[in-house]
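Given the structure is predicted, the values throughout are model-derived calculations rather than measurements. Each ligand, and each atom within it, is numbered from 1 in the order the structure gives. Values below: every heavy atom of this structure, side chains too, minus hydrogens, waters and symmetry copies.
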Amino acid sequence: MPRRLGALAGLAAAAVAVGVAEAVAVLTGARSAPLVAVGGAVVDLAPAPLKRFAVDLFYVYDKIALLVGTAVLLAGFAVLVGLVAVRSLPLGYAGIALFGAVGVLAASTRPGAGPVAVLPSLVGALLAAGVLRLLVAGPLGRAAAAPIVTARPDAYARRRFLTAVGIATGGAAVGGFGGRWLATRRDVSAAREAIELPAPAVPAAPLPAGAELAVPGLAPYVTPNRDFYRIDTALVVPRVDPHRWRLRISGRVRRPITLDYAELLARPMVERHITLACVSNEVGGDLIGNARWLGVPLGPLLAEAGPLPGADQVVARSADGWTCGSPTEVLTDGRDAMLAVGMNGEPLPIEHGFPVRVVVPGLYGYVSACKWLVELELTSFADFDAYWVPRGWSARGPIKTQSRIDTPRAGRRLAAGEVTVAGVAWAQHVGIRQVEVRVDDGDWQPATLAPATSTDTWVQWSWRWTATAGEHTLRVRATDATGAVQTGQSRPVAPDGATGWHAVRVTVA
Ligand SMILES: Nc1nc2c(c(=O)[nH]1)N[C@H]1C(S)=C(S)[C@@H](COP(=O)(O)O)O[C@H]1N2
Ligand SMILES: [Mo]
């Protein structure tokens, strides 16, 4: 058989494997599908020497790119299998077996994988072997590969071969995409929409008059859910059924606790504005948002479980196995650490952790804000490293005081005269005392601060600038409520959050 046809046979076999596996994964869970399982394993296993690279690529990596990359690698491998199979069918089978084994291994070792997780890769590989055999060694393949001098015209046999390849690939695509579609239809959005959240025992403080400066280009005080940044390692968003959800409070506690969703909702709720920030937020970046969270206070719940002496870390575990660790002391010091079920007046959006996530004022998300929460395990920092710690991030992550210029934007051309410079500043759970702006190397000028609901949120600020012609650099710095001035020393996001002053260069005509 010509090599071209062999390569096509390999591709068709791979398409069948992936399509069938996707279809089977409708029953066994989206994360058991081989592309997603292997992609997820790659994200989690990024080896230590690649740490810097992994930090840059996988922290805010593009998930689609990762899946496409995995698919391209797979296609290359499939061509190879097809070429090999033309020489020796058993060797082709061995290639498929290798591919299947990688899928089985990845799917079965994903956190929370049950025994059925091996099925998509297994069934996919078996059917792929069948397709390869049919195309390479079956009558179809033999006819297509026959020398030109036969009773039947060669072109006709080839056309039949290509038709078979097309049918196999098309069928695989229908199975695969159909499977994906079914899986999302079966998702938890209906359950989410049916939820009626209880009224909070302690409602959020109303927004003080003037919390929202009406300056075009300035981030709103409360970030709408659709604009709220999203960061997580999940290739497919975990879909946790609230009716089957359980929270375990386990580990070094006197009384382990298990709660279901109804029991959680039956507890007194608080509602608070809290600004969540990502440790990967660059100076001036937008991986930060402020929402009105509805949830159950975490301190009293932990007190009921009764942490044992030495349990200085609470590890929160997600349905997809991701973990983060917060100091027990911070969760129980009276701040509004909570198990959040509502965000800006609606049940948590699925991609923001439905049905339950953690929110802790003053800690970066990677050490506190566990989405799709299923377990809180009391342990110690000495005994357990959460997800990002072995990947080069600090075990403790208090949020650093920061300020940002939202308007004017960098590179803007402005008319000389009055210009409103405005932005946000934050030092969660400490509070912002002052924000100052500097033009070029001039003196620091005090900006006007808008009020906020508490020290747990960012504040908006503004400053009137009489702009003069020329190129100018605007800089901002904040002072927290203890009087500590935001450092101007530039440091990168790893290992525990960027520092430095946000600078914006503009041209005034
Ligand atoms: N399950 C899970 N929870 C997670 C993460 C994750 O990768 N998986 N990422 C954390 C990080 S790094 C941040 S900054 C916040 C972001 O929350 P958001 O996506 O709702 O803005 O979620 C945290 N919770
Ligand atoms: Mo983050």
Side-chain angles (χ1 to χ4, degrees), residues 31 39-40 43-44 46 54-61 63 66 110-112 219 222-240 245 247 274-282 285-295 314-326 337-344 346-377 386-400 402 426 428 458 492-498:
R31 274 176 297 132
V43 171
D44 287 354
V55 159
D56 290 346
L57 186 68
F58 295 135
Y59 206 37
V60 281
Y61 60 85
K63 286 155 193 170
L66 184 64
R110 301 306 295 142
V222 177
T223 315
N225 289 357
R226 64 172 182 283
D227 297 337
F228 208 93
Y229 80 98
R230 176 185 164 201
I231 291 285
D232 52 64
T233 61
L235 285 178
V236 290
V237 178
R239 300 182 186 273
V240 180
W245 179 86
L247 172 70
I274 297 168
T275 299
L276 206 66
C278 182
V279 69
S280 302
N281 196 30
E282 306 278 353
D286 57 6
L287 299 180
I288 178 165
N290 185 37
R292 179 164 49 90
W293 306 96
L294 172 74
V314 178
V315 170
R317 192 165 276 113
S318 157
D320 65 358
W322 186 86
T323 53
C324 64
S326 321
M338 64 166 88
L339 301 181
V341 296
M343 182 177 183
N344 290 330
E346 46 175 289
L348 277 184
I350 295 172
E351 62 274 22
H352 291 293
F354 180 78
V356 182
R357 78 173 305 171
V358 182
V359 173
V360 183
L363 297 184
Y364 285 123
Y366 85 107
V367 289
S368 68
C370 186
K371 305 192 273 190
W372 315 291
L373 176 76
V374 294
E375 184 175 15
L376 293 169
E377 184 190 349
Y387 187 89
W388 283 111
V389 176
R391 292 171 174 82
W393 298 81
S394 168
R396 293 171 197 256
I399 293 177
K400 292 177 176 167
Q402 266 296 345
W426 59 92
Q428 287 91 320
W458 60 14
V493 294
D496 62 358

Atoms of ligand 1 less than 4.0 Å from [X] heavy atoms?
{"X": "S318", "value": "1 (N)"}
{"X": "G365", "value": "10 (C), 11 (C), 13 (C), 14 (S), 23 (C)"}
{"X": "C278", "value": "14 (S)"}
{"X": "F228", "value": "21 (O)"}
{"X": "Y366", "value": "11 (C), 12 (S)"}

**OP:** Could you walk me through whether Q428 and I274 pass the side-chain contact (heavy atoms from CB on, under 4.5 Å) test, one step at a time?
**Re:** CA-CA 8 Å; Q428 287 91 320; I274 297 168; 5.7 Å; no

So is [X] polar-close to ligand 1, meaning N/O to N/O under 3.5 Å?
{"X": "R230", "result": "no"}
{"X": "L276", "result": "no"}
{"X": "A369", "result": "yes"}
{"X": "R357", "result": "yes"}
{"X": "H352", "result": "yes"}
{"X": "D232", "result": "no"}
{"X": "W388", "result": "no"}

Of the backbone atoms (N, CA, C, O) and the side-chain heavy atoms from C-beta on, which set of [X] has a member under 4.0 Å from an atom of ligand 1: side chain, backbone, both, or neither?
{"X": "W372", "result": "side chain"}
{"X": "Y387", "result": "neither"}
{"X": "W322", "result": "side chain"}

Subject >> CG on N225 to CD on E351, rounded to 0.5 Å >> reply: 8.5 Å

Subject >> Atom pair CZ/CG of R357 and L348 - distance to nearest 0.5 Å >> reply: 7.0 Å

**OP:** Could you tell me whether D320 and R31 have a side-chain N and a carboxylate O separated by less than 4.0 Å?
**Re:** no

Original post:
Between D496 and K400, does at least one N-O distance fall below 4.0 Å, as a salt bridge requires?
Top reply: yes

Original post:
Residues in side-chain hydrogen bond (donor to acceptor under 3.5 Å, both in side chains) with R317, at least two apart?
Top reply: E375, E377

Subject >> Main-chain N/O of D286 paired with N281 side-chain donor or acceptor, under 3.5 Å >> reply: yes

**OP:** Could you tell me whether the side chain of T275 and the main chain of W458 form a donor-acceptor pair under 3.5 Å?
**Re:** yes

Subject >> Qualifying residues under side chain to side chain contact (heavy atoms under 4.5 Å, CB included), relative to S368, sequence neighbours excluded >> reply: S326, V360, L363

Original post:
Would you call V367 and W388 a side-chain contact if the rule is heavy atoms closer than 4.5 Å?
Top reply: no

